[in-house]
Amino acid sequence: MSAHTGSPSYGFETRQIHAGEINDAETTARVTPIYQTAGYRFSSFDDGEERFAGASSRRAYSRNDNPTNIVAAKRIADLEGGVDAVLVGSGQAAIAVTLFALAQTGDHVLATTNLYEGTREMFRTSLARQGLSVEYVPADAPAEVWHSKVTERTRAIYTETIPNPLGDVVDIAALADIAHAAGVPLVVDSTVATPYLCRPIEWGADIVIHSTSKWLAGHGSVIGGAVIDGGTFDWAANGDRFPHLTTSPRPGVGSAVERFGAGAYLGFLRTVTILEYGPTVPPTSTFLLLQGIETLSLRMERHVDNALAVARQFEGHPALRQIHYPGLESSPYYPLTRKYLPQGSGSIVSFDLAGGRDAARVFIDALDLVTPMTHIGDVRSLAIHLGSTIHAKLTEEERLAVGITPGLVRLSIGIESAGDIIADLGHALDAVSAAGY
């Protein structure tokens, strides 16, 4: 088998179809096959020994090295401008293994305040029980505030390109400068932007995370996650913070930096963290992911056009207290979208209903075309009331502190006809007004 790794001379649309693909000389299959196998036959005693020692390029086990998964990982890495990537079972798994490969008990991570609630819940529960502390800082806080929070145990700065659900776009380059001055990598969850709208590595990020379940797949039929290594962080120069990457794990074996070079972090993540924890994504799911990636640019163009049309249509509607969408010129984040998201501001639009929770109930129940459910990035338009679902475990005070008001409804705008989406949302808002909210 031979592989195409993509070429910088090819455009994004070409690479989303061809990057990382395997040409199977035996079957001549044009589409990447599903390699549905747990393991791979050793040709000899010595071959098995070499594979386990990492002395052979041939794979040993599908827990961390399945051909179908490798193709998708290389394709995503190519689109993001990274040196390598790995797939895992979900976006949450991607976040967890990313931090497991950076930090240990007693270590510290700085994060921007407004993050997806599922991420914050993992930080305050599971990761806290394992001894990792996360401290939040407003994304737009002055650099000196960020620097004052850095300790000798800080191992990363963590943020999102377009935070879900309020769309308060982050100044990635500024955070990258802060992280690098502190001697730690900048980790960016760029799920909502996708590499079509923004490539954080180009702005100084070192590690990028995706929930591939969302826009990368696009069809709402699979769960998965990806971690991309930009190959930009100097692990050797910061070996005091990351000794597991710069020292030999056992006699006769080089450090991750020595073995994997610019891809030291991803090499460690794949051969140690993922191999030991085993958050494997099945190749059947990855096959469907690959089908989605092939049309990413086309779908994202429709997603962002529809989202902007919805936001403009309902901005100032009497039933709404506010619309959150960074692509609106009235948004305080509009200048940052011009810098980081020139091709569109994503497709999450959040309605803050003036009538609060009761108005949100009327709105959700009046929807017909738009589906009430917990997911984003689907070709279908989706809606969810955040306070009663994703943020329900928080107190009212905690919800308000992160901008989750009683009437906040998150919309993931799909690729249906814009007029049909607008008509359905308008009908639901009419029902809210008719109910007196």
Side-chain angles (χ1 to χ4, degrees), residues 5-8 12 15-16 19-20 70 72-88 91 94-103 109-112 154-162 170-212 216 225-239 241-242 244-246 255-274 293 296 339-341:
T5 57
S7 167
F12 187 96
R15 291 183 289 118
Q16 73 185 5
I70 292 294
K74 288 185 177 298
R75 186 163 302 172
I76 295 169
D78 183 280
L79 296 178
E80 282 288 3
V83 296
D84 202 357
V86 67
L87 299 188
V88 291
I95 297 167
V97 298
T98 294
L99 295 179
F100 290 165
L102 289 173
V109 171
L110 289 173
T112 50
T154 304
R155 295 295 180 265
I157 291 180
Y158 185 98
T159 192
E160 297 173 3
T161 306
I162 309 176
V170 169
D171 191 339
I172 299 170
L175 287 182
D177 288 343
I178 292 167
H180 298 156
V184 300
L186 175 64
V187 180
V188 179
D189 182 337
S190 201
T191 296
V192 177
T194 80
Y196 183 67
L197 298 181
C198 181
R199 291 170 291 281
I201 293 167
E202 295 177 359
W203 298 98
D206 303 291
I207 299 166
V208 175
I209 294 170
H210 283 282
S211 171
T212 60
L216 282 174
V227 184
I228 303 96
D229 185 350
T232 52
F233 191 77
D234 192 340
W235 303 103
N238 296 283
R241 291 185 187 270
F242 307 100
H244 57 295
L245 299 180
T246 59
S255 69
V257 169
E258 291 169 335
R259 286 182 291 155
F260 303 112
Y265 171 77
L266 207 286
F268 180 88
L269 180 67
R270 176 183 286 117
T271 61
V272 179
T273 308
I274 289 175
I293 293 174
L296 176 63
K339 177 178 181 179
Y340 292 110
L341 301 156

**Study point:** Nearest atoms (heavy-atom pairs only) where Gly20 meets Lys74
**Key:** CA-CB, 4.0 Å
Review point. Under 3.5 Å, is there a donor-acceptor pair between the Asp206 and His180 side chains?
Key: yes
**Study point:** pair Val188-Ile207: side-chain heavy atoms closer than 4.5 Å
**Key:** no
Point to revise | Tyr158 and Leu110: CA distance, side-chain angles, deciding distance, side-chain contact (heavy atoms from CB on, under 4.5 Å) verdict | key: CA-CA 6 Å; Tyr158 185 98; Leu110 289 173; over 6 Å; no
Review point. How far apart are the C-alpha atoms of Val86 and Ile274, what are their side-chain angles, what is the distance that settles it, and do they pass the side-chain contact (heavy atoms from CB on, under 4.5 Å) test?
Key: CA-CA 9 Å; Val86 67; Ile274 289 175; 3.5 Å; yes
Point to revise | Least distance between heavy atoms, Ile201 atom then Gly230 atom | key: CD1-CA, 3.6 Å
Revision key, fill the gap. Between Ser190 and Val208, the two heavy atoms sitting closest are CB-CG1, 4.0 Å
Point to revise | Short side-chain to backbone donor-acceptor contact, Arg75 and Ala19, under 3.5 Å | key: yes
Review point. Any side-chain heavy atom of Val109 within less than 4.5 Å of one from Val184?
Key: no
Review point. Is the shortest heavy-atom distance from the side chain of Tyr340 to the side chain of Leu197 under 4.5 Å?
Key: no
Check your understanding: So among Asp189, Thr112, Asp171, which one has a side-chain hydrogen bond (donor to acceptor under 3.5 Å, both in side chains) with Thr159?
Key -> Thr112
Check your understanding: Does the side chain of Leu186 reach to within under 4.5 Å of the side chain of Ile172, using non-hydrogen atoms?
Key -> yes
Point to revise | Expected output: side-chain Asn238 to main-chain Arg241 donor-acceptor under 3.5 Å | key: no
Review point. Who pairs with Glu202 by salt bridge (Lys or Arg N to Asp or Glu O under 4.0 Å), at least two apart in sequence or on another chain?
Key: Arg199
Point to revise | Heavy-atom side-chain proximity of Glu160 to Val170 below 4.5 angstrom | key: no
Check your understanding: Below 4.5 Å, heavy atoms only, C-beta onward: do Ile95 and Thr98 meet side chain to side chain?
Key -> no
Point to revise | For the student: nearest non-hydrogen atoms of Cys198 and Ala193, plus distance | key: CB-CB, 4.0 Å
Revision key, fill the gap. The side chain to side chain contact (heavy atoms under 4.5 Å, CB included) partners of Ala101 (sequence neighbours excluded) come to Tyr265, Phe268, Leu269, Thr273
Review point. Does Thr212 reach the side chain of Ile76, with side-chain heavy atoms less than 4.5 Å apart?
Key: yes
**Study point:** Residues that Ala77 engages under side chain to side chain contact (heavy atoms under 4.5 Å, CB included), provided they are two or more places apart
**Key:** Ala85, Ile228
Review point. Once you round to the nearest 0.5 Å, how far does CZ of Arg259 lie from OG1 of Thr271?
Key: 5.0 Å
Exercise for review: Check His210 against Glu80 and note the closest heavy-atom contact, atom names and distance.
Suggested key: NE2-OE2, 2.6 Å
Check your understanding: Roughly how far, to the nearest 0.5 Å, is the OH atom of Tyr196 from the CD1 atom of Ile293?
Key -> 15.5 Å
Review point. What distance do Phe12 atom CZ and Leu79 atom CG have between them, rounded to the nearest 0.5 Å?
Key: 4.5 Å
**Study point:** Within-4.5 Å side-chain heavy-atom neighbours: Pro185 and Leu102
**Key:** yes
Review point. Considering all heavy atoms of both residues, which atom of Leu87 and which atom of Ala72 are nearest to each other, and what is their separation?
Key: CD1-CB, 3.6 Å
Check your understanding: So Trp203 and Lys339, side-chain contact (heavy atoms from CB on, under 4.5 Å) or not? Walk me through it.
Key -> CA-CA 10 Å; Trp203 298 98; Lys339 177 178 181 179; 3.6 Å; yes
Study note, to complete from the structure: Interatomic distance, CD1@Ile162 vs CG@Leu341, rounded to 0.5 Å, equals 4.5 Å
